[in-house]
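In what follows, a single structure is set out as structure tokens and then discussed.
Since we're looking at a predicted model, the values are computed, not measured. In what follows, chains carry the letters A, B, and so on, assigned in the order in which the sequence lines appear, proteins first and then strands, with residues in each chain numbered from 1.
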Protein chains: 2
Amino acid sequence: MPEGCKVETALEILVGKWKPVILFHLFSNGTMRFSELQKAMPDITKKMLTAQLRDLEYNDIVHREIYLQIPPKVEYSITEYGKRMTHLLQAMNDWGMAHVEHLNELYGKDRSVESLEVIDDLVGK
Amino acid sequence: MPEGCKVETALEILVGKWKPVILFHLFSNGTMRFSELQKAMPDITKKMLTAQLRDLEYNDIVHREIYLQIPPKVEYSITEYGKRMTHLLQAMNDWGMAHVEHLNELYGKDRSVESLEVIDDLVGK
DNA sequence: CTGCATCCCATTCGATACTG
DNA sequence: CAGTATCGAATGGGATGCAG
């Protein structure tokens, strides 16, 4: 472990019940409208979706493009800066997968999978 | 971004208000007694410290060595498996530091530093 | 010394309704 | 369509006291 310890800074950006899923969809699909994100994540409320997107926007991870028209249209996408965190997300994802494996070996299968339903739905398994 | 998206798995291990600090101390000092950890983090309550250590223990990141004696003595250390996540922690830390810089450039200094007091105390700045 | 139990508060999050 | 406003429930975390 290094000096400084800004691990929490990284955590704060990614934590928030829905941020990883949102990023996953935006990384996968490129640009999405608010309603498309909602359709992709049926369980998230508008309030939460808005809040998390605003958070990501403040951190320059997500770009919000507003079209002044009726009916309104707003598109979200990953910023260039945001794309640079792909490696970190990849690293976290890889470690996460390996860790699930590790826990399975330690305790046996079918455990510690709670609270990942959303992701599992997403992947469709 | 990959398939699967187990980013949340990684997050769940590190999240918990004190886990990064605990890991930081254990990585730095090797083996520490419960009371030493408390001294190192004056603001954490016993309840929280216990809970987070149990969590890390369950995830095979931290080892708990109990000496059966009076008065009791319990030592905590990073497991071999836990040491293998050094690279991930390093990556998150690096990104976190760079991100603080990035935000400073975007919005100007002296912002977004809230909620890092603990870490800052730790580093003594 | 270590750490569990209890109570309590603050913040988060979901549900619902409403608006430009 | 893309939000905001309001309320209540759930959850996380702090303070304190007791126990092995």
Side-chain angles (χ1 to χ4, degrees), chain A residues 8 11-23 25-26 29 31-59 62-77 114-119 121, chain B residues 8 11-23 25-26 29 31-59 62-77 112 114-119 121-122:
Chain A
E8 304 208 330
L11 286 176
E12 283 167 23
I13 312 303
L14 281 325
V15 171
K17 206 175 174 182
W18 300 95
K19 296 217 186 81
V21 204
I22 294 174
L23 291 177
H25 283 293
L26 286 179
N29 301 342
T31 295
M32 297 179 77
R33 299 184 56 167
F34 187 85
S35 50
E36 292 178 316
L37 283 165
Q38 270 195 297
K39 254 170 259 157
M41 297 169 281
D43 288 344
I44 193 173
T45 62
K46 285 189 273 192
K47 178 186 172 185
M48 272 297 99
L49 183 53
T50 304
Q52 314 267 315
L53 283 169
R54 284 303 185 319
D55 228 69
L56 292 168
E57 187 190 2
Y58 171 82
N59 282 289
V62 157
H63 173 68
R64 179 156 166 257
E65 183 75 35
I66 309 162
Y67 297 86
L68 286 173
Q69 61 183 51
I70 306 290
K73 174 179 168 182
V74 179
E75 286 186 339
Y76 293 90
S77 57
E114 300 94 276
S115 82
L116 290 172
E117 315 85 29
V118 185
I119 303 288
D121 287 353
Chain B
E8 303 207 332
L11 287 176
E12 282 166 26
I13 313 304
L14 281 324
V15 172
K17 205 176 178 184
W18 300 95
K19 295 219 186 78
V21 205
I22 294 173
L23 290 177
H25 283 292
L26 287 179
N29 302 341
T31 294
M32 298 178 77
R33 297 185 56 169
F34 188 84
S35 50
E36 291 178 317
L37 283 165
Q38 270 194 297
K39 255 171 257 155
M41 298 168 282
D43 288 344
I44 193 174
T45 63
K46 286 185 281 189
K47 175 187 172 185
M48 273 297 98
L49 185 53
T50 304
Q52 314 266 324
L53 284 169
R54 282 307 186 304
D55 228 70
L56 292 168
E57 188 190 3
Y58 171 83
N59 281 289
V62 158
H63 173 67
R64 180 157 163 256
E65 184 75 34
I66 309 162
Y67 297 86
L68 285 174
Q69 60 182 51
I70 304 290
K73 173 178 170 185
V74 180
E75 287 186 338
Y76 294 90
S77 56
S112 75
E114 299 95 277
S115 80
L116 291 172
E117 315 84 29
V118 185
I119 303 288
D121 287 353
L122 181 62

Find the distance [X]:[atom1] to [N]:[atom2] and express it as a whole number of Å.
{"X": "B:Lys46", "N": "D:dG20", "atom1": "NZ", "atom2": "P", "value": "15 Å"}
{"X": "A:Glu12", "N": "C:dT11", "atom1": "CD", "atom2": "P", "value": "15 Å"}
{"X": "B:Glu75", "N": "C:dG3", "atom1": "CD", "atom2": "P", "value": "12 Å"}
{"X": "A:Ile66", "N": "C:dG20", "atom1": "CD1", "atom2": "P", "value": "17 Å"}
{"X": "A:Ile70", "N": "D:dA2", "atom1": "CD1", "atom2": "C1'", "value": "10 Å"}
{"X": "B:Asp55", "N": "C:dG3", "atom1": "CG", "atom2": "C1'", "value": "16 Å"}
{"X": "B:Leu49", "N": "C:dC4", "atom1": "CG", "atom2": "C1'", "value": "13 Å"}
{"X": "A:Gln52", "N": "D:dT4", "atom1": "CD", "atom2": "P", "value": "14 Å"}

Between [Y] and [X], is there a side-chain heavy-atom distance shorter than 4.5 Å?
{"X": "B:Glu36", "Y": "B:Tyr76", "value": "no"}
{"X": "A:Arg64", "Y": "A:Leu53", "value": "no"}
{"X": "B:Asp55", "Y": "B:Val62", "value": "no"}
{"X": "B:Lys17", "Y": "B:Ile44", "value": "no"}

- Query: How do B:Ile44 and A:Gln38 order along DNA chain D: which one's closest nucleotide is nearer the 5' end?
  - Reply: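 It is A:Gln38 whose nearest nucleotide is closer to the 5' end.
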
Describe the nucleic acid contact of [X] in one word from base, sugar-phosphate, nothing, applying a heavy-atom distance below 4.0 Å.
{"X": "B:Tyr76", "value": "sugar-phosphate"}
{"X": "B:Lys17", "value": "sugar-phosphate"}
{"X": "A:Lys73", "value": "sugar-phosphate"}

Is the phosphate of [N], meaning OP1 or OP2, less than 4.0 Å from a side-chain N or O of [X]?
{"X": "A:Arg64", "N": "D:dA2", "result": "no"}
{"X": "A:Trp18", "N": "C:dT12", "result": "no"}
{"X": "B:Arg33", "N": "C:dC1", "result": "no"}

- Query: With respect to A:Leu26, which candidate in A:Thr31, A:Leu56, A:Leu37 satisfies the side chain to side chain contact (heavy atoms under 4.5 Å, CB included) definition?
  - Reply: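 Result: among A:Thr31, A:Leu56, A:Leu37, A:Leu37 is the only option passing the side chain to side chain contact (heavy atoms under 4.5 Å, CB included) with A:Leu26.
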
Just compare [options] and give me whichever is closest to any side-chain atom of [X].
{"X": "B:Ser35", "options": "D:dG13, D:dG3, C:dC1", "value": "C:dC1"}
{"X": "A:Met48", "options": "D:dG3, C:dG3, C:dC13", "value": "C:dC13"}
{"X": "B:Phe34", "options": "C:dG3, D:dG20, D:dG3", "value": "C:dG3"}

- Given that A:Thr45 and A:Pro71 both sit by DNA chain C, which one's nearest nucleotide is further toward the 5' end?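 Counting from the 5' end, the first nearest nucleotide belongs to A:Thr45.
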
- Message: Looking at the base of D:dG3, is there any donor atom on it, or on the side chain of A:Lys47, that sits under 3.5 Å from an acceptor on the other one?
- Response: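 Between D:dG3 and A:Lys47, which were checked side chain against base, a qualifying N/O pair under 3.5 Å is absent.
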
